[in-house]
Amino acid sequence: MQEIVKSVTAREAPRDVIIFNHIPKAGGTSLIAFFRSLLGEDYVFRHKSRDSKSDLYSPGIESLSPQELDQYDFFAGHFGYGYHRLIKRPVRYLGVVREPLERATSHYLYLRKHGPKHLKAQALEMTFEEYLEYRLGLKSNPMVESCQIELLTGQRDLEQAKKIVVRDYLACCTISQLTEMQKALARLYRRPDLLPQNVNRTEKPLHELTVRQEVRDRLDERFALDREFIDWVSSTFRSNVQHLGR
């Protein structure tokens with residue numbers, strides 16, 4: 001009986017393919033774990049996923065044949081907007097965003113513990129403020145730029161980005177709303193018994209990592225667009241989440 005229920009849930013629930021634009025350090029691993037439980041491993045594809053032990057990456061979505069693409073119902077990866085063009089079935093996106101400085105803090109702590117060898121060694125030699133200043137000094141770096149709006153929509157124009165989210169996303173929320181999103185998705189897929197996942201949590205309290213005000217001021221300027229977008233995402237999700245799983 002359990003096998004029958006699993007099979008029906010995996011392939012007869014909403015048939016739109018889901019593409020999850022996984023922004024690094026924004027709760028994405030939890031959502032991927034949730035969909036693995038929801039659909040089963042066979043229907044989940046991770047795009048260029050890094051194995052922390054071997055430091056090797058899995059194949060990308062662009063390497064799949066049309067027949068292979070049709071085997072999966074959920075694609076996840078750090079690939080940005082636009083991969084729906086590869087898939088012939090109807091596609092909806094999911095997205096999760098995070099306050100930019102908090103995301104940079106989480107990334108710094110992640111590198112110190114789990115990062116690729118060269119980045120881990122670099123992060124271990126730096127304070128958090130030194131890490132930020134180093135990245136601010138680079139020509140371009142997504143951890144100290146307003147990159148989330150562009151990763152999710154391919155746009156840097158706020159109004160155009162909003163239109164894409166409304167048109168193409170099943171749901172988009174902040175990391176603090178992720179549990180609520182998972183509960184709504186469980187209802188939508190007729191699995192209200194499925195519990196939300198919460199993995200890879202930042203262990204060190206973020207407020208313990210201090211940054212001088214002059215560095216914060218430089219970051220505030222760079223993060224302004226993402227923060228405006230995130231405020232809109234949060235407000236829109238609060239208004240619409242009750243309809244997602246109904």
Side-chain angles (χ1 to χ4, degrees), residues 6 9-10 13-14 16-53 57-58 61 72-81 83 92-115 142-143 147-149 151-152 165 169-206 226 229-230 233-234 236-238 240-242 244-245:
K6 180 179 179 181
T9 301
D16 286 0
V17 175
I18 298 296
I19 293 181
F20 172 45
N21 268 336
H22 181 188
I23 293 174
K25 309 315 300 173
T29 304
S30 296
L31 190 57
I32 293 167
F34 173 81
F35 268 91
R36 280 176 164 163
S37 296
L38 178 68
L39 299 176
E41 292 278 353
D42 291 344
Y43 304 121
V44 172
F45 181 84
R46 294 198 67 179
H47 169 84
K48 295 182 179 178
S49 175
R50 173 178 165 266
D51 185 303
S52 59
K53 294 182 179 179
Y57 289 80
S58 64
I61 186 174
Y72 299 101
D73 291 337
F74 181 84
F75 296 86
H78 306 311
F79 37 44
Y81 178 80
Y83 277 80
R92 302 298 300 276
Y93 282 90
L94 285 176
V96 183
V97 293
R98 187 174 190 176
E99 200 289 317
L101 183 55
E102 185 178 298
R103 189 173 80 93
T105 308
S106 181
H107 185 249
Y108 167 74
L109 295 173
Y110 171 82
L111 289 180
R112 289 171 65 91
K113 191 169 184 180
H114 302 294
M143 279 299 158
C147 70
Q148 297 180 71
I149 182 173
L151 287 170
L152 292 192
V165 172
Y169 275 73
L170 176 62
C172 189
C173 72
T174 66
I175 191 170
S176 63
Q177 296 168 322
L178 182 54
T179 295
E180 195 174 359
M181 178 197 271
Q182 291 179 73
K183 290 178 179 178
L185 289 167
R187 294 193 300 268
L188 181 64
Y189 281 79
R190 303 196 296 274
R191 286 290 304 279
D193 59 303
L194 193 62
L195 296 176
Q197 300 287 320
N198 189 357
V199 297
N200 280 2
R201 296 184 64 180
T202 303
E203 295 178 5
K204 187 178 180 66
L206 300 184
D226 261 357
F229 177 64
I230 289 166
V233 165
S234 177
T236 302
F237 180 79
R238 285 197 307 271
N240 297 333
V241 65
Q242 66 271 21
L244 179 61

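Pairing each heavy atom of C147 with each of P142, the nearest pair is SG-O, 3.2 Å. The two residues V241 and A184 come nearest to each other via the heavy atoms CG2-CB, 4.0 Å. Across S30 and L178, no two heavy atoms sit closer than the pair CB-CD2, 4.0 Å. For the pair F34 and L195, the tightest heavy-atom approach, listed with the atom from each and the gap, is CD1-O, 4.0 Å. The nearest pair of heavy atoms linking S37 to R191 is O-NH1, 4.0 Å. Heavy-atom minimum distance, K25 versus S106: CE-OG, 3.2 Å.
No donor-acceptor pair closer than 3.5 Å links the side chain of D226 to the backbone N or O of E99. Although no hydrogens or angles enter the test, the distance criterion places no donor-acceptor pair under 3.5 Å between the side chain of H22 and the main chain of H78. In this structure a side-chain-to-backbone donor-acceptor pair under 3.5 Å is missing from R103 to A26.
One finds the OH atom of Y189 at 7.0 Å from the CG atom of D73 (value rounded to the nearest 0.5 Å). One finds the CZ atom of F20 at 4.5 Å from the CG atom of L31 (value rounded to the nearest 0.5 Å). The distance from the CG atom of L38 to the OH atom of Y43 is 12.0 Å, given to the nearest 0.5 Å.
Ring-plane geometry between Y72 and F75 is classed as perpendicular, the angle between the planes exceeding 60 degrees on a 0 to 90 degree scale with a lower cut at 30.
For the ring pair (Phe, Tyr, Trp, His ring centres under 6.0 Å) test, residues two or more places apart in sequence or in another chain that qualify with F74 are F35. Residues satisfying the side-chain contact (heavy atoms from CB on, under 4.5 Å) test with I175, not counting sequence neighbours, are V96, R98, E102. Qualifying side chain to side chain donor-acceptor pair (under 3.5 Å) partners for R92, counting only residues two or more places apart in sequence or in other chains: none. Take V97 and apply the side-chain contact (heavy atoms from CB on, under 4.5 Å) test, not counting sequence neighbours, and it matches I23, Q148, L152, T174, F229, I230, V233. Qualifying ring pair (Phe, Tyr, Trp, His ring centres under 6.0 Å) partners for Y93, counting only residues two or more places apart in sequence or in other chains: Y81, H84, Y169. Taking the side-chain contact (heavy atoms from CB on, under 4.5 Å) definition, one finds that P196 meets it with T179, Q182, K183, sequence neighbours left out. Annotation: salt bridge (Lys or Arg N to Asp or Glu O under 4.0 Å) contacts of E180 (sequence neighbours excluded): none. Partners of R36 according to the salt bridge (Lys or Arg N to Asp or Glu O under 4.0 Å) rule, which considers only residues two or more places apart in sequence or in another chain, are E41.
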Candidate pair M181 and L185, rule side chain to side chain contact (heavy atoms under 4.5 Å, CB included), full reasoning: CA-CA 6 Å; M181 178 197 271; L185 289 167; 3.8 Å; yes

Given L188 and L170, is the side chain to side chain contact (heavy atoms under 4.5 Å, CB included) satisfied, shown in steps? CA-CA 11 Å; L188 181 64; L170 176 62; 4.0 Å; yes

